[in-house]
Amino acid sequence: QVRLVESGGGLAQVGGSLTLSCTASGYTWRIGAMGWFRQAPGREREFVAAIRWGTGGRGGTPLADSVKGRFTISKDDAKNMVTLQMYSLKPEDTAVYYCAIKPLGASDYTSWGQGTQVTVSS
């Protein structure tokens, strides 16, 4: 099992920035990729960004079209941590953000963190 703990959510102004972090513990050697998803009230959970694990980030860092040019995902293998840097925040970025893991060889994300709230106010 892999345990995920997110941190860094909070309140930001429109145009501001926030950084979210997610730290993995447990069977981290089984991680194939880590991703960020978000869910706004009344909406389905949606993909935000992802990064491959343990391979120097080869394979790119896919980002949702809605956040391209504003969000960046990165990782620190030594700390088992993935970070989502969010810039030029918009009210529509308001959501609960979840970190998730896709195990090696798997096609879906199977482990999820508890989520962290991001609120962007105008």
Side-chain angles (χ1 to χ4, degrees):
Q1 289 283 13
V2 179
R3 181 170 179 260
L4 300 172
V5 177
E6 299 106 333
S7 62
L11 179 66
Q13 300 278 342
V14 170
S17 61
L18 283 174
T19 298
L20 306 183
S21 296
C22 176
T23 301
S25 61
Y27 293 172
T28 57
W29 54 269
R30 297 183 60 188
I31 299 173
M34 291 186 72
W36 285 97
F37 293 76
R38 67 187 182 185
Q39 187 167 20
R43 301 189 65 177
E44 293 187 353
R45 187 168 56 197
E46 63 176 3
F47 169 80
V48 175
I51 190 166
R52 192 169 294 181
W53 203 251
T55 58
R58 291 193 298 274
T61 56
L63 294 164
D65 288 343
S66 59
V67 305
K68 284 181 180 177
R70 301 189 299 119
F71 290 13
T72 302
I73 186 171
S74 60
K75 65 184 178 75
D76 185 330
D77 290 328
K79 296 181 179 179
N80 291 326
M81 179 186 293
V82 63
T83 298
L84 185 69
Q85 293 177 297
M86 307 184 293
Y87 303 98
S88 301
L89 286 164
K90 303 176 180 180
E92 51 264 43
D93 294 319
T94 295
V96 177
Y97 283 71
Y98 297 91
C99 175
I101 283 174
K102 182 187 296 185
L104 287 169
S107 58
D108 294 321
Y109 289 84
T110 59
S111 298
W112 297 83
Q114 81 285 356
T116 185
Q117 177 70 47
V118 170
T119 302
V120 183
S121 65
S122 56

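As the structure is a computational prediction, the values presented were derived from the model and not from experiment.
We find the CH2-CG distance between Trp36 and Leu20 to be 4.5 Å, quoted to the nearest 0.5 Å. The line from CZ of Arg3 to OG of Ser111 is 12.0 Å long, rounded to the nearest 0.5 Å.
In the hydrophobic cluster analysis, where Ile, Leu, Val, Met, Phe, Trp and Tyr join through side-chain heavy atoms closer than 4.5 angstrom, Val82 is grouped apart from Leu104. Tracing side-chain contacts under 4.5 Å through hydrophobic residues (I, L, V, M, F, W, Y), one reaches Ile51 starting from Trp29; they form part of the same cluster. Tyr87 and Ile73 fall into different hydrophobic clusters, where Ile, Leu, Val, Met, Phe, Trp and Tyr are joined by side-chain heavy atoms under 4.5 Å apart, directly or via other members.
The minimum heavy-atom distance between Ser122 and Val14, with the atom names listed, is CA-CG2, 3.5 Å. The two atoms that bring Met34 and Cys22 nearest to each other are CE-SG, 3.8 Å, heavy atoms only. Heavy atoms only, all atoms of each residue included: Gln117 and Ala95 are closest at NE2-O, 3.4 Å. Taking every heavy atom of both residues into account, Leu63 and Phe71 meet most closely at CD1-O, 3.5 Å. Summarising the geometry of Gln114 relative to Glu6, their closest heavy-atom pair is OE1-OE1, 2.7 Å, with the distance given to 0.1 Å. Here the closest heavy-atom approach between residue Leu4 and residue Cys99 is recorded as CD1-O, 3.6 Å.
When the salt bridge (charged side-chain N to carboxylate O under 4.0 Å, His left out) test is applied to Asp108, no partner is found at least two apart in sequence or on another chain. For the side chain to side chain contact (heavy atoms under 4.5 Å, CB included) test, residues two or more places apart in sequence or in another chain that qualify with Thr28 are Ala24, Ile31, Asn80. Residues meeting the side chain to side chain contact (heavy atoms under 4.5 Å, CB included) test with Ser121, sequence neighbours left out: Leu11, Gln13. Remark: Arg70 engages Asp93 in a salt bridge (charged side-chain N to carboxylate O under 4.0 Å, His left out) (not counting sequence neighbours).
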*Take Thr83 and Asp76, measure what side chain to side chain contact (heavy atoms under 4.5 Å, CB included) needs, and give me the verdict at the end.*
CA-CA 8 Å; Thr83 298; Asp76 185 330; over 6 Å; no
*Should Lys79 and Ser21 be marked as a side chain to side chain contact (heavy atoms under 4.5 Å, CB included) after you check the CA-CA gap, both sets of side-chain angles, and the distance that decides it?*
CA-CA 11 Å; Lys79 296 181 179 179; Ser21 296; over 6 Å; no
_Intermediate values then yes/no, side chain to side chain contact (heavy atoms under 4.5 Å, CB included), Arg38 and Leu84_ = CA-CA 12 Å; Arg38 67 187 182 185; Leu84 185 69; over 6 Å; no
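Side-chain heavy-atom separations under 4.5 angstrom define the hydrophobic clusters, and the remaining members of the one that includes Trp112 are Phe37, Phe47, Val96, Tyr98, Tyr109. In this structure, Val5 stands alone, with no Ile, Leu, Val, Met, Phe, Trp or Tyr side-chain heavy atom under 4.5 Å from its own, directly or through other members.
Of the possible polar contacts, one joining the Thr94 side chain to the Val120 backbone as a donor-acceptor pair under 3.5 Å is found.
Under a cut-off of 6.0 angstrom, the local environment of CD in Glu92 is crowded, with over 12 non-hydrogen atoms contributed by other residues, nucleotides or ligands.
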